[in-house]
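Contents: one structure, followed by commentary.
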Amino acid sequence: MLSFYNTLTKKNEEFKPINSPNVSMYICGPTVYDYFHVGNARTFVLADVIRKYLEYKGYNVKFVMNVTDIDDKIIKKANEEKNSTIDVATKYSIAFFEDLKNLRIKEATLYPKATDHIEDMINMIKTLVDKGFAYNVNGNVFFDVKRYKFYGKLSGKNIDELESGARVEINESKLQPLDFALWKKAKEGEPFWDSPWGKGRPGWHIECSAMGCKHLGETFDIHAGGNDLIFPHHENEIAQSEAATNKPFANYWIHFGFLNINKEKMSKSLGNFFTAREILEKFSPEAIRLFFLQAHYRGPLDFTDELLASAEKGLEKIKNLQDTIKNRLKKSNQKGVIPEFDFDSFEQKFNGVMDDDFNTPQAVSIIFDFIREINKAIAENNSIHIDFYKKINNFMEKIAGSVLGITKDKSLQTERDSLLEDKLIEILLDIRFKAKREKNYPLADEIRNKLVEVGITIKDTKDGTDYFRDN
RNA sequence: GGCGGCGUGGCCAAGUGGUCUAAGGCGAAGGUCUGCAAAACCUUUAUUCGUCGGUUCGAAUCCGACCGCCGCCUCCA
């Protein structure tokens with residue numbers, strides 16, 4: 001039974017989809033005005049793992065991630081780069097998709113763009129104006145937070161206290177400072193769309209409401225995003241959507257903890273950030289994912305090169321096992337033994353911890369326990385039946401691969417392997433084996449060293465010599 | 001000021017009332033295997049969970065106080 005923490009109710013709840021086995025899930029995607037940073041990457045990877053775990057459990061997940069392609073920051077960037085907002089958005093959208101792919105994040109079912117949904121947003125704003133939840137001041141339309149009596153229910157904030165905080169921008173035209181823009185009047189030279197309130201563009205919050213409702217329904221299952229979106233973004237989404245539809249917007253709200261630099265939030269506005277693509281140049285996507293998954297999704301996590309390096313090191317354990325399996329699958333015969341091994345109990349443990357608020361650190365520890373036991377089983381037996389390796393491979397692919405994404409990427413592997421290369425290596429290993437048998441160690445070592453020079457490492461084992469290519 | 005979170009071994013990080021003398025990864029030390037390697041495996045590395053009190057038969061886990069750190073309340077994953 002899967003249960004996880006719901007920000008809306010502030011407790012763990014059993015997950016009951018509206019229309020099982022279908023699950024509707026929305027995650028706030030990027031505003032494409034720059035490359036996204038590692039903090040964003042954490043959110044995207046974690047959402048990816050949750051989505052994949054749901055799929056692993058048999059749910060059919062409709063996973064929607066929006067792309068905000070019109071917004072103040074894009075306009076600003078366009079001015080800086082002396083470019084059009086469309087060019088800026090296009091450039092960084094392309095980069096966004098590349099980075100997602102490089103992080104081994106599964107493609108969403110849909111990536112709706114804000115500019116493709118202006119009509120839907122205008123309609124929702126119209127409804128809000130008609131119902132008296134929103135008001136127009138000179139072509140700017142604001143949501144009246146006082147009219148929506150549950151305002152603050154997600155973030156646990158109270159309107160009056162927020163006002164006394166006095167950090168909210170003073171804007172003469174608003175009824176109260178917390179009111180937020182649904183529609184912004186276009187200034188000179190800014191991109192605009194026609195609307196009943198004149199030329200302008202949508203406010204930031206309305207797009208998620210409009211696109212969520214359109215693609216997932218007025219009420220959907222899961223809405224996820226980073227911690228800092230709880231207020232005001234998600235609070236505002238709830239207010240708008242529920243005021244417009246009279247229905248609950250999303251049933252479960254999941255929020256991810258921050259990635260910090262020296263205990264401080266990594267953010268574009270603080271300038272202490274690394275882009276995901278920078279980090280991908282230094283570390284493998286699997287190591288980055290492992291690093292994220294070794295901490296709980298709701299807590300903060302400090303980011304340093306040292307920590308990434310230790311994740312990269314840990315990942316080698318996984319890779320080494322995969323390499324071993326790959327070798328054995330190639331040559332193991334049908335005659336060896338099949339060691340006793342309880343694959344099911346590992347899978348059950350994995351399910352158990354993931355069902356409990358997606359405890360990925362424990363899930364990872366189970367993978368490592370599994371690897372240790374498997375390595376032991378392999379070491380203890382002289383000749384192992386190929387079926388055993390197939391089972392190991394299936395387990396790893398199913399759990400560590402498909403759900404967590406911390407196994408070595410297969411597509412990369414197959415590209416690098418050529419049959420001819422394999423045969424040549426095997427010929428050399430055969431010669432080396434004979435040399436060893438005749439105690440001609442200088443020749444044996446020479447072969448090994450020469451292979452290392454071209455990026456092939458070999459390991460002598462009870463079942464012959466394994467070899468693998470360095471990545 | 002309001003709201004929320006956190007403080008566990010050298011580092012990272014699970015665990016939230018008994019199975020905890022506390023998982024897993026990294027690091028360190030020793031060992032097994034090997035012609036030597038590599039990998040793997042084994043052993044050791046927190047009788048202790050920020051501090052001080054309390055509740056309880058029993059607490060890292062609940063309560064209180066204190067110390068320290070961080071986030072949201074403004075665009076932000």
Side-chain angles (χ1 to χ4, degrees), chain A residues 7 10 27-31 33 36-47 71-73 76 152 155-158 160-169 177-178 204 224-233 235 255-260 262-270 273 290-291 293-296 298-302 304 306-318 320-321 323-324 353 356 359-369 371-380 436 439-441 444-445 448-449 452 457-462 465-468:
Chain A
T7 313
K10 287 155 191 73
I27 169 173
C28 288
T31 299
Y33 71 103
F36 68 81
H37 59 63
V38 208
N40 300 297
R42 184 185 185 200
T43 292
F44 299 153
V45 165
L46 293 173
D71 159 277
D72 292 2
K73 280 182 292 203
K76 190 171 164 234
S155 56
K157 295 184 190 300
N158 153 320
D160 302 321
E161 281 167 1
L162 282 171
E163 286 178 9
S164 66
R167 288 180 71 187
V168 193
E169 168 200 0
L178 281 176
W204 175 43
N227 240 195
D228 56 348
L229 294 185
I230 295 175
F231 192 91
H233 188 232
E235 194 71 71
H255 290 96
F256 303 111
F258 279 116
L259 197 65
N260 297 146
N262 294 325
K263 304 246 167 116
E264 269 193 322
K265 175 178 169 179
M266 175 187 298
S267 79
K268 288 182 184 171
S269 41
L270 288 175
F273 71 96
L290 178 62
F291 169 66
L293 295 176
Q294 276 182 313
H296 191 85
R298 282 195 278 117
L301 178 63
D302 229 48
T304 64
E306 288 69 35
L307 291 172
L308 254 297
S310 86
E312 192 79 74
K313 205 74 213 311
L315 189 74
E316 269 176 40
K317 268 203 166 105
I318 299 172
N320 286 337
L321 177 62
D323 285 326
T324 303
V353 300
D356 182 14
N359 194 328
T360 59
Q362 285 203 310
V364 167
S365 85
I366 290 163
I367 301 291
F368 282 109
D369 284 341
I371 291 172
R372 190 178 54 248
E373 294 305 318
I374 284 290
N375 279 331
K376 227 187 283 187
I378 292 175
E380 280 166 5
K436 272 178 65 176
K439 298 209 192 302
N440 184 353
Y441 296 124
D445 289 349
R448 181 170 63 195
N449 293 338
V452 168
T457 306
I458 67 176
K459 300 176 190 167
D460 291 329
T461 78
K462 283 181 178 173
T465 301
D466 288 345
Y467 61 91
F468 54 95

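To find a chain, count down the sequence lines: A is the first, B the second, and so on, and within it residues start at 1.
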(request) Classify the nucleic acid contact of D228(A) as base, sugar-phosphate or nothing, counting any heavy atom under 4.0 Å across all strands shown. (result) base

(request) Answer yes or no: is there a donor N or O on one side and an acceptor on the other, between the side chain of R42(A) and the main chain of G226(A), under 3.5 Å? (result) no

(request) Using a 4.0 Å heavy-atom cut-off across all strands, classify L307(A) as base, sugar-phosphate, or nothing. (result) sugar-phosphate

(message) To the closest 0.5 Å, what do you measure between CG (L290(A)) and CG (L315(A))?
(response) 6.0 Å

(message) Between the base of C36(B) and the side chain of D460(A), is one N or O donor paired with an acceptor at under 3.5 angstrom?
(response) yes

(message) It should be established whether K265(A) places a side-chain nitrogen or oxygen under 4.0 Å from OP1 or OP2 of nucleotide C72(B).
(response) yes

(message) Check this for me, if you would: do K265(A) and D228(A) make a salt bridge, where the nitrogen-to-carboxylate-oxygen distance has to be below 4.0 angstrom?
(response) yes

(request) Write down the distance separating the P atoms in G4(B) and U43(B), rounded off to the nearest Å. (result) 45 Å

(message) The side chain of Q294(A) is closest to which nucleotide in this list: A14(B), G25(B), A77(B)?
(response) G25(B)

(request) By nearest nucleotide on RNA chain B, pick out whichever of N227(A) and T457(A) is the more 5' one. (result) T457(A)

(request) Could you give the distance separating C52(B) and G5(B) at their C1' atoms, to the nearest angstrom? (result) 23 Å

(request) Would you indicate which nucleotide in G35(B), C75(B), G25(B) comes nearest to any side-chain atom of K436(A)? (result) G35(B)

(request) Select one nucleotide: of A38(B), G35(B), C72(B), the one nearest the side-chain heavy atoms of F231(A). (result) C72(B)

(request) Starting at atom CD of E380(A), determine the distance to atom P of C42(B), rounded to an integer number of angstrom. (result) 9 Å

(message) Treating E235(A) as the side-chain partner and S155(A) as the backbone partner, does any N or O pair qualify as donor plus acceptor under 3.5 Å?
(response) yes

(message) In whole Å, I'd like the distance from the NZ atom of K459(A) to the P atom of A40(B).
(response) 7 Å

(message) If stacking means aromatic ring centre less than 5.5 angstrom from the base's six-membered ring centre, planes under 30°, is Y441(A) stacked on G35(B)?
(response) yes

(message) I'd like to know if R448(A) reaches the base of A38(B) with its side chain such that a donor and an acceptor end up less than 3.5 angstrom apart.
(response) no

(message) Does N320(A) reach a base, just sugar-phosphate, or nothing at all? Heavy atoms under 4.0 Å.
(response) sugar-phosphate

(request) Calculate the interatomic distance between L301(A) atom CG and A77(B) atom C1'; express it in whole Å. (result) 13 Å

(message) By the 4.0 Å heavy-atom rule, please label G225(A) as base, sugar-phosphate, or nothing.
(response) sugar-phosphate

(request) Only counting residues at least two apart or in another chain, list the ones meeting ring pair (Phe, Tyr, Trp, His ring centres under 6.0 Å) with F258(A). (result) none

(message) Please classify the nucleic acid contact of G257(A) as base, sugar-phosphate, or nothing, using heavy-atom distances under 4.0 Å.
(response) base

(request) Scan D369(A) against the nucleic acid and name what it touches under 4.0 Å (heavy atoms): base, sugar-phosphate only, or nothing. (result) sugar-phosphate

(message) Taking C36(B) as the reference, what is the distance to A29(B) when you measure between their C1' atoms (whole Å, please)?
(response) 23 Å

(request) Could you check whether H37(A) gets within reach of a base, just the sugar-phosphate, or nothing at all, counting any heavy atom under 4.0 Å? (result) base

(request) Ignoring the backbone of N375(A), work out which of A77(B), G15(B), C41(B) is nearest its side chain. (result) C41(B)

(request) Describe the nucleic acid contact of R372(A) in one word from base, sugar-phosphate, nothing, applying a heavy-atom distance below 4.0 Å. (result) sugar-phosphate

(message) Counting C-beta onward and ignoring hydrogens, is there a side-chain heavy-atom pair between N320(A) and I371(A) closer than 4.5 Å?
(response) no

(message) For a 4.5 angstrom cut-off between non-hydrogen side-chain atoms, does L321(A) reach I318(A)?
(response) no

(message) Classify L290(A) by what it touches in the nucleic acid, base, sugar-phosphate, or nothing, heavy-atom distance under 4.0 Å.
(response) nothing

(request) Return one dot-bracket line describing RNA chain B 5' to 3' (Watson-Crick or G-U wobble pairs, both distances under 3.5 Å; ( ) same strand, [ ] crossing, | another strand, . none). (result) ((((((((.[[[..)..(.....]]]((((((.......))))))....[[[[[..)....]]]]])))))))....

(request) Pick base, sugar-phosphate or nothing for A379(A), based on heavy-atom distances below 4.0 Å to the nucleic acid. (result) nothing

(request) Using a heavy-atom cut-off of under 4.0 Å over every strand shown, decide if K376(A) touches base, sugar-phosphate, or nothing. (result) sugar-phosphate

(request) Would you mind reading off the distance between D356(A) atom CG and U16(B) atom C1', rounded to a whole angstrom? (result) 11 Å

(message) When the P atoms of A46(B) and G53(B) are compared, how many Å lie between them, rounded to an integer?
(response) 25 Å

(request) Could you check how far NZ of K157(A) sits from P of G2(B), rounded to whole Å? (result) 12 Å

(message) If I take atom CZ from residue F291(A) and atom CG from residue L259(A), how far apart are they, to the nearest 0.5 angstrom?
(response) 6.0 Å

(message) Heavy atoms from C-beta onward define the side chain here; which of C70(B), G71(B), G25(B) lies closest to that of F258(A)?
(response) G71(B)

(request) Just call it for K317(A): base, sugar-phosphate, or nothing, with non-hydrogen atoms closer than 4.0 Å on any strand. (result) sugar-phosphate

(message) Tell me the interatomic distance from D302(A), atom CG, to C69(B), atom P, rounded to whole angstroms.
(response) 15 Å

(message) Both E306(A) and P300(A) contact RNA chain B. Taking the nearest nucleotide for each, which residue is further toward the 5' end?
(response) P300(A)

(message) Using atom C1' in both nucleotides, what's the gap between G1(B) and U47(B) to the nearest angstrom?
(response) 44 Å

(request) Assess whether one donor atom and one acceptor atom, taken from the side chain of D445(A) and the base of G35(B), lie less than 3.5 Å apart. (result) yes

(request) Would you state whether a donor and an acceptor, one from the side chain of R298(A) and one from the base of C6(B), lie under 3.5 Å apart? (result) no

(request) Could you work out the separation of A14(B) and A37(B) based on their C1' atoms and round it to a whole Å? (result) 36 Å

(request) Find out whether Y467(A) and D323(A) are in side-chain contact, i.e. whether some heavy atom of one side chain is under 4.5 Å from a heavy atom of the other. (result) no

(request) Under 4.0 Å between any heavy atoms, over every strand shown, what does K313(A) touch: base, sugar-phosphate, or nothing? Just pick one. (result) sugar-phosphate

(request) Select base, sugar-phosphate, or nothing to describe what L259(A) touches, counting heavy atoms under 4.0 Å on all strands. (result) base

(request) For the residue pair F44(A) and I27(A), establish whether any side-chain heavy-atom pair is separated by less than 4.5 Å. (result) yes

(message) If I pick the C1' atom on C57(B) and the same atom on G25(B), what distance separates them, to the nearest angstrom?
(response) 37 Å

(request) Figure out the CD/P separation between E373(A) and G24(B), and round it to whole Å. (result) 11 Å

(message) Could you tell me how far C66(B) sits from U56(B) if I compare only their P atoms? Round to whole Å.
(response) 23 Å

(request) Send over the distance from I366(A) CD1 to G25(B) P, rounded to a whole Å. (result) 12 Å

(message) Among residues at least two apart in sequence or on other chains, which ones pass side chain to side chain donor-acceptor pair (under 3.5 Å) with H255(A)?
(response) T7(A), H234(A)

(request) Would you confirm whether D302(A), through its side chain, and K263(A), through its main-chain N or O, come within 3.5 Å as a donor-acceptor pair? (result) yes

(message) Under 4.0 Å from OP1 or OP2 of G15(B): is there any side-chain N or O of N359(A) that close?
(response) yes

